[in-house]
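Following: one structure in structure tokens, then a few remarks.
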Amino acid sequence: MSDNRELLQTGCHAYIEGIHTSYGYIPSLGAGIAYCVLFGLSMIIHTVQFTWKRQWWASVFSVGCLVEVIGWAGRTWSAKCPYNGDAFIMQICTLIIAPTFFTAGIYVLLGRFIQLLGPKSSILTPKLYLWIFCTCDVISLVVQAIGGGMASQQADKIDGDTAPGTHIMVAGIVFQLFSITIFVFCAADFIRRVMRKRLLKTVNGPVIPLFAAMILSIVCIYIRSIYRTIELSQGWDGYLITHETYFIALDGAMMVLSVAVFNVLHPGWMLPSEKPDSYKMETTSVDRSERYQGPPTHW
């Protein structure tokens, strides 16, 4: 049985009754193709948008979509070759990594909002958001990649011990959920400050729809993070991980919404190029006070 299982991991073999796949099911071909198309279209549109408007930082959305396409291509491959080990590792590694590019884009976007509305809109500076949360994302990704690689190798073996790799992987995604939770609190504080001080009214341009798009994207990514944390904590034989419907709805659909919303409301079109008048007045008054050195010391 062990030799047969190892042979099935190479090449393409149809499902054999009684021999389970690493997924616990046969991945849906339709879902794989649909998400490849959706993320592919979003990637193309994002690439055109950030190139046209010269918003180079927004390229992270295109990169994230590309990684999602690779992951869903792996699941599409697995739909026809459910035992192939390369297809399984291909999808599990990329679909864990992809959302990090979307969160990076949101960190930058929030920083742009802070620059636009002034320092009183946030407890952190834009640079601190990038340094703190991007560093946390990188750490969580490395930990998840190590754990995912270890667990996926054991999952393809008869009586393989997936526990060590799974525990490492869960630790990585729990750390990511923790960092995203902190970011959500910071973003909520930013929203509270903006609404309380009515800072959006001082901005020229359609900023409010982009503001709403950022909130929607954060919520979708947060839902996905909660789902993946619970899924992996149940283990490779758990209920969530062995039922594809949850993955399609709570991972795939959430990620499509989180990135596609910026195709409709792209920062390149929605963000004004100038700071609000109130922010200019504050800056001007500070500059004047700095330039004023008091009365001359000699008369």
Side-chain angles (χ1 to χ4, degrees), residues 35-72 94-118 121-122 124-138 140-141 176 179-180 183-184 186-187 190-191 194 200 203-222 224-225 252-276:
Y35 280 116
C36 281
V37 171
L38 289 172
F39 283 113
L41 287 174
S42 183
M43 177 186 67
I44 293 170
I45 296 172
H46 267 297
T47 302
V48 172
Q49 288 174 321
F50 82 74
T51 303
W52 186 1
K53 301 301 292 185
R54 297 184 180 276
Q55 296 285 332
W56 308 115
W57 65 269
S59 61
V60 291
F61 294 121
S62 294
V63 176
C65 286
L66 175 61
V67 179
E68 288 279 359
V69 169
I70 295 172
W72 283 96
T94 52
L95 294 181
I96 286 174
I97 293 172
T100 305
F101 294 98
F102 302 152
T103 55
I106 293 174
Y107 300 154
V108 176
L109 180 57
L110 183 58
R112 291 299 178 92
F113 271 120
I114 295 170
Q115 291 176 341
L116 187 66
L117 300 174
S121 64
S122 176
L124 296 177
T125 64
K127 287 185 178 179
L128 275 178
Y129 271 109
L130 281 176
W131 279 105
I132 294 173
F133 294 108
C134 285
T135 300
C136 289
D137 279 348
V138 171
S140 68
L141 279 181
Q176 186 179 40
S179 66
I180 292 178
F183 174 74
V184 167
C186 291
F190 169 78
I191 294 168
V194 169
L200 289 177
V203 181
N204 297 321
V207 174
I208 294 179
L210 181 60
F211 194 69
M214 183 183 72
I215 295 173
L216 174 62
S217 186
I218 292 172
V219 170
C220 289
I221 293 173
Y222 196 55
R224 178 262 179 193
S225 297
M254 291 298 101
M255 290 302 94
V256 167
L257 282 173
S258 69
V259 70
V261 67
F262 293 120
N263 288 131
V264 180
L265 302 169
H266 194 271
W269 276 280
M270 309 298 286
L271 278 177
S273 58
E274 297 183 351
K275 291 180 173 60

For Trp131, enumerate each residue passing the ring pair (Phe, Tyr, Trp, His ring centres under 6.0 Å) test, keeping only those at least two apart in sequence or located in another chain.
none

Got a second to check how far [X]'s [atom1] is from [Y]'s [atom2], nearest 0.5 Å?
X: Ile191; Y: Cys186; atom1: CD1; atom2: SG; value: 11.5 Å
X: Gln115; Y: Leu110; atom1: CD; atom2: CG; value: 10.5 Å
X: Lys53; Y: His266; atom1: NZ; atom2: NE2; value: 10.0 Å
X: Ser122; Y: Leu128; atom1: OG; atom2: CG; value: 9.0 Å
X: Asn263; Y: Ile44; atom1: CG; atom2: CD1; value: 10.5 Å
X: Leu116; Y: Leu210; atom1: CG; atom2: CG; value: 10.0 Å

So do the side chains of [X] and [Y] get within less than 4.5 Å of each other, counting heavy atoms only?
X: Ile114; Y: Thr125; answer: no
X: Cys220; Y: Leu216; answer: yes
X: Arg112; Y: Met214; answer: no
X: Val138; Y: Cys134; answer: no
X: Pro99; Y: Arg224; answer: yes
X: His46; Y: Val259; answer: yes
X: Met254; Y: Leu257; answer: yes
X: Phe61; Y: Phe101; answer: no

Nearest non-hydrogen partners of [X] and [Y], listed with the distance:
X: Phe50; Y: Ala58; value: CB-CB, 3.9 Å
X: Ile97; Y: Leu141; value: CA-CD2, 3.5 Å
X: Thr94; Y: Val67; value: O-CG1, 3.3 Å
X: Cys65; Y: Phe102; value: N-CE2, 3.7 Å

Check the orientation of Trp52 and Trp269. Use parallel for under 30°, tilted for 30 to 60°, and perpendicular for over 60°.
perpendicular

Do the rings of Phe190 and Phe113 sit parallel, tilted or perpendicular, given the 30° and 60° boundaries?
tilted

So does [Y] get a backbone contact from the side chain of [X], meaning a donor-acceptor N/O pair under 3.5 Å?
X: Gln55; Y: Gln49; result: no
X: Ser225; Y: Ile221; result: yes
X: Ser217; Y: Ser258; result: yes

Evaluate the ring pair (Phe, Tyr, Trp, His ring centres under 6.0 Å) criterion for residues Tyr107 and Phe183: first the C-alpha distance (whole Å), next the side-chain angles of each, then the deciding distance (0.1 Å), finally the verdict.
CA-CA 9 Å; Tyr107 300 154; Phe183 174 74; 4.8 Å; yes

When you check the side-chain N and O atoms of Asp137 and Thr100, is any donor under 3.5 Å from an acceptor?
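On atom types as modelled, these side chains do not qualify, holding no pair under 3.5 Å.
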
